Amino acid sequence: KRGDALERLAEVDTVVFDKTGTLTTGEPKLIYYPDLETLGLAVALAQVSSHPYSKAISRAAKAAGVVPPHVEDIRELPGRGVEAQLQGKTLRLGAGAWLGAEKWGGASTWLQVGDDAPRCFSFEETLRPGAAELVNGLRTSGLTLKILSGDDERPTKEIASSLQITDVHSGLRPQDKAEKLA
């Protein structure tokens with residue numbers, strides 16, 4: 001909105017991207033979940049979240065005709081996931097690191113019921129049309145390119161590698177991204 005904004009663009013030497021919804025379409029596809037009952041538990045939490053993985057879970061559950069159970073005390077925890085109560089047990093849907101889950105090989109989120117072991121939901125992401133051309137154009141212009149992502153290391157590095165971006169930071173919470181930018 002400021003008049004000098006275009007003039008200041010000439011001073012830019014680094015472009016920092018987020019991954020999901022910026023370099024990718026932001027509409028991941030759910031490609032694996034343990035079973036329909038587990039999908040129902042996950043969608044009970046996912047339906048209150050705007051995270052792209054939650055939206056993918058909601059789409060998959062709707063397509064499968066899954067009706068979620070009623071949960072109570074539902075709350076979203078930025079950078080972690082969603083938590084609620086179901087019949088005296090805590091349900092959590094979110095980042096593997098938050099739930100103590102083993103590392104998974106790709107784009108994933110996890111569901112934990114009470115003290116049970118977390119269950120994995122795996123996703124496939126698609127590069128946004130035009131992203132490769134944009135990144136190549138910025139690189140050709142001499143700009144330094146970086147990715148700061150909240151997603152796990154492997155899917156973030158896969159997208160970065162396909163775009164030939166080597167300065168990559170993954171597993172970041174929103175405040176971690178802000179600190180790196182500062």
Side-chain angles (χ1 to χ4, degrees), residues 1-2 5-33 39 42-43 45-64 76-82 93-98 101 103-111 120-182:
K1 294 181 182 180
R2 295 180 47 187
L6 290 177
E7 293 173 9
R8 295 194 61 211
L9 279 175
E11 300 171 23
V12 171
D13 62 359
T14 303
V15 177
V16 180
F17 294 100
D18 184 34
K19 180 180 68 66
T20 305
T22 305
L23 295 174
T24 64
T25 61
E27 292 189 14
K29 180 181 177 186
L30 181 63
I31 58 172
Y32 171 81
Y33 55 89
L39 180 60
V43 77
L45 299 173
Q47 62 191 356
V48 301
S49 174
S50 62
H51 192 281
Y53 291 172
S54 290
K55 289 180 179 181
I57 288 171
S58 294
R59 286 191 301 270
K62 183 177 181 180
E76 194 162 13
L77 305 166
R80 291 187 176 158
V82 182
L93 178 70
W98 177 46
K103 286 289 182 186
W104 185 258
S108 60
T109 195
W110 297 80
L111 175 74
C120 187
F121 291 73
S122 184
F123 304 87
E124 180 178 78
E125 296 184 89
T126 304
L127 198 60
R128 179 180 290 281
E133 293 82 1
L134 171 68
V135 167
N136 286 335
L138 293 170
R139 184 181 298 104
T140 301
S141 297
L143 297 172
T144 299
L145 306 175
K146 300 181 179 192
I147 295 177
L148 302 180
S149 178
D151 293 337
D152 289 335
E153 182 177 10
R154 183 170 174 191
T156 303
K157 286 194 172 184
E158 286 174 358
I159 292 294
S161 176
S162 72
L163 296 170
Q164 299 173 5
I165 298 175
T166 57
D167 193 345
V168 181
H169 303 270
S170 57
L172 302 175
R173 296 175 298 163
Q175 61 264 33
D176 299 330
K177 292 178 189 179
E179 287 173 14
K180 287 206 176 280
L181 287 173

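Remember, it's a predicted structure, so these values are computed and weren't measured experimentally. As a basis for the values below, the full set of heavy atoms in this structure was taken, side chains included, without hydrogen atoms, waters or symmetry mates.
With S49 contributing its side chain and H51 its backbone, the two residues share a donor-acceptor pair below 3.5 Å. Between the side chain of R128 and the backbone N or O of G21 there is at least one donor-acceptor pair closer than 3.5 Å. A side-chain donor-acceptor contact under 3.5 Å links R139 to the backbone of Q164. The main-chain N or O of I159 is found under 3.5 Å from a side-chain atom of S162 such that the two form a donor-acceptor pair. Side-chain atoms of S58 come within 3.5 Å of backbone atoms of S54 as a donor-acceptor pair (strictly under, hydrogens ignored).
Other residues, nucleotides and ligands place no more than 12 heavy atoms under 6.0 Å from the CZ atom of R173. Taking a 6.0 Å sphere around NZ of K55, one finds it holds 12 or fewer heavy atoms contributed by other residues, nucleotides or ligands.
Residues T24 and T126 form no side-chain contact, since every pair of their non-hydrogen atoms from C-beta on lies 4.5 Å or further apart. Using a 4.5 Å cut-off on side-chain heavy atoms (C-beta onward), F17 and L138 make contact. Between K29 and R59, the closest side-chain pair of non-hydrogen atoms is not below 4.5 Å.
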Review point. Given the rule in the side chain to side chain contact (heavy atoms under 4.5 Å, CB included) test, do I31 and S122 qualify, once you have shown the distances and angles that lead to the verdict?
Key: CA-CA 6 Å; I31 58 172; S122 184; 4.0 Å; yes

> Under the side chain to side chain contact (heavy atoms under 4.5 Å, CB included) criterion, do K146 and V15 qualify, and how do the steps go?
Replying inline: CA-CA 6 Å; K146 300 181 179 192; V15 177; over 6 Å; no

**Report entry** Test log, rule side chain to side chain contact (heavy atoms under 4.5 Å, CB included), inputs L145 and D167
**Finding:** CA-CA 7 Å; L145 306 175; D167 193 345; over 6 Å; no

_Please evaluate residues D18 and I147 with respect to the criterion side chain to side chain contact (heavy atoms under 4.5 Å, CB included), reporting the C-alpha separation (whole Å), side-chain torsions for both, the decisive distance (0.1 Å), and the verdict._
CA-CA 6 Å; D18 184 34; I147 295 177; 6.0 Å; no

Candidate pair E125 and K19, rule salt bridge (Lys or Arg N to Asp or Glu O under 4.0 Å), full reasoning: CA-CA 10 Å; E125 296 184 89; K19 180 180 68 66; 2.6 Å; yes

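To the nearest 0.5 Å, atoms OH (Y53) and CZ (F123) are separated by 7.0 Å. Separation of atoms OG1 (T156) and CD1 (I165) is listed at 11.5 Å; rounding is to 0.5 Å. For the atom pair CG (L163) and CG (N136), the distance works out to 8.0 Å, reported to the nearest 0.5 Å.
Side-chain contact check for T144 and D13: no donor-acceptor pair (N or O, by modelled atom type) lies under 3.5 Å.
Here the closest heavy-atom approach between residue L93 and residue W98 is recorded as O-CZ3, 3.8 Å. Residues D176 and G171 come closest through the heavy atom pair OD2-O, 4.5 Å. In terms of heavy-atom proximity, A61 sits nearest to L39 at CA-CD2, 3.8 Å. Shown here for Y32 and C120, the closest heavy-atom pair between the two residues is CE2-O, 3.4 Å. Contact record, V48 with E76: O-OE1, 3.8 Å, taken as the closest heavy-atom pair. Nearest heavy atom pair, residue W110 against residue A95, reads CD1-C, 4.3 Å.
A side-chain contact (heavy atoms from CB on, under 4.5 Å) with L111 holds for exactly one of V43, L45, I57; it is L45.
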